[in-house]
Amino acid sequence: MKKWELIEAFLIRFIKEEITKTGLKKGICGLSGGIDSAVVAVLAKKALGEKFKAFMLPSQYSSKSSIEDAKELCEKFDIDYEIISIAPLLEAYPIDDKVRFGNFSARMRMAILYDKSAELGALVIGTSNKSELMLGYGTLFGDLASALNPIGDLYKTEIFEFAEYLGVPDSIINKPPSADLWQGQSDEKELGYAYSQIDPVLEDFVDNRATKEELLKKYDKDLVEFVIKKVYQNQFKRKPPIIAKLKSRTVGHDFLYERDIRL
């Protein structure tokens, strides 16, 4: 428990400091009824008090329990919230492909959050955990977008422990992980592995710098190859847009400063 006490105190301070040093005082986040956004909302409420607001952004395909669970969390922790349906936006731009539809839904939610951030003078607080970030399991400029992210260095399995420590309702902790992008959508079903299988491999590979050969001695070959492939394949999602450096004197671009080159 001491571990989570220290992490809680650190993250509350992190949220407060990262927001206030910008000159702003408020924060917002999307609240899906899932465990990640629940943990972030509780931390943000403790850090910002009445200056934090949560937004529930259901679509016509969101499960009823998502809103009910999110409301339960808000009532328990006295979190101010607003419900805005993205159904009209999805109906205005119909998409047949399931993956594209899920990505579009995530981006519409984030578009609303950033508009609300402008309206309220607040920063958007991210809700993606380390497992999702490392695997690239998220939508670029959708749920992966934020001004700050307090849980981005905590694996999914750690989020479950942290949520229990924080007192997140069991209805949220016990539900299968899902982005709720379409009816019956399941994170672990899509990934092909449970987070309890993925996280130990990720931790060894990312944090402990284990080689592939070392991983293969401890874990299933297909799982190891899946994790390594995802980490490298989705590295672009963890980086800001790549800018062609024409005027900065950086390694690899010294040719621009050769005598005969003029920009």
Side-chain angles (χ1 to χ4, degrees), residues 1-12 14 29 32-43 69 99 102 106 125-140 142-144 146 148-181 184-239:
M1 295 295 283
K2 185 65 175 177
K3 166 188 172 181
W4 296 119
E5 287 177 19
L6 294 172
I7 289 175
E8 178 189 19
F10 176 83
L11 294 180
I12 287 172
F14 167 83
C29 82
S32 66
I35 195 167
D36 298 313
S37 62
V39 166
V40 170
V42 172
L43 292 171
D69 294 342
V99 175
I125 305 173
T127 61
S128 294
N129 60 66
K130 190 169 186 175
S131 304
E132 293 169 340
L133 293 174
M134 289 296 105
L135 295 174
Y137 190 65
T139 300
L140 202 58
D143 53 306
L144 295 181
S146 65
L148 64 151
N149 182 344
I151 66 167
D153 206 27
L154 290 172
Y155 291 106
K156 185 74 171 189
T157 45
E158 293 178 305
I159 294 293
F160 279 102
E161 292 181 42
F162 196 19
E164 188 172 354
Y165 163 78
L166 291 172
V168 170
D170 289 341
S171 58
I172 293 176
I173 293 176
N174 294 332
K175 70 166 61 174
S178 172
D180 205 29
L181 295 173
Q185 189 262 339
S186 164
D187 291 1
E188 295 180 329
K189 184 177 179 182
E190 278 193 277
L191 290 169
Y193 295 96
Y195 283 112
S196 58
Q197 297 172 288
I198 293 171
D199 283 357
V201 182
L202 273 175
E203 186 170 5
D204 272 348
F205 184 58
V206 176
D207 298 342
N208 302 330
R209 301 292 192 269
T211 64
K212 181 177 180 179
E213 290 69 28
E214 290 171 332
L215 293 174
L216 289 172
K217 293 177 182 178
K218 295 176 64 176
Y219 307 105
D220 174 73
K221 179 176 180 292
D222 290 340
L223 174 58
V224 169
E225 291 183 345
F226 166 81
V227 168
I228 292 177
K229 180 181 178 181
K230 285 290 185 182
V231 169
Y232 282 113
Q233 187 180 58
N234 292 293
Q235 185 179 2
F236 73 97
K237 291 187 177 183
R238 298 186 293 274
K239 298 171 64 178

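Not measured: the values here are computed from a predicted model. Just so it is clear, the values below take in all heavy atoms, side chains as well, and ignore hydrogens, waters and symmetry mates.
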Worksheet entry | Q197 side chain vs A194 backbone, donor-acceptor pair below 3.5 Å | yes
Discussion item. Quick check on side chain to side chain donor-acceptor pair (under 3.5 Å): which of E190, K230, K237 does Y137 satisfy it with?
Written reply: E190
Worksheet entry | CA sep, side-chain torsions, deciding dist, call: D204, R209, salt bridge (charged side-chain N to carboxylate O under 4.0 Å, His left out) | CA-CA 6 Å; D204 272 348; R209 301 292 192 269; over 6 Å; no
Discussion item. Minimum heavy-atom separation for L223 and V201, please, with both atom names.
Written reply: CD2-CG2, 3.7 Å
Worksheet entry | I125 versus C29, closest heavy-atom pair with distance | O-CB, 3.4 Å
Discussion item. Counting only heavy atoms not in E225 (residues, nucleotides, ligands), do more than 12 fall under 6.0 Å from its CD?
Written reply: yes
Response to the item:
Correct closest heavy-atom pair for G126 and N149 would be O-OD1, 3.7 Å
Worksheet item: So do the side chains of Y165 and E5 get within less than 4.5 Å of each other, counting heavy atoms only?
Response: yes
Worksheet item: Could you go step by step and tell me if K130 and D207 meet the salt bridge (charged side-chain N to carboxylate O under 4.0 Å, His left out) rule?
Response: CA-CA 11 Å; K130 190 169 186 175; D207 298 342; 2.7 Å; yes
Worksheet entry | CA sep, side-chain torsions, deciding dist, call: I159, Y195, side chain to side chain contact (heavy atoms under 4.5 Å, CB included) | CA-CA 11 Å; I159 294 293; Y195 283 112; over 6 Å; no
Worksheet item: What is the ring orientation for F226 with Y193, classed by angle as parallel under 30°, tilted 30 to 60°, or perpendicular over 60°?
Response: tilted
Worksheet item: Of T127, L133, T139, which is the lone residue that meets side-chain contact (heavy atoms from CB on, under 4.5 Å) with L144?
Response: L133
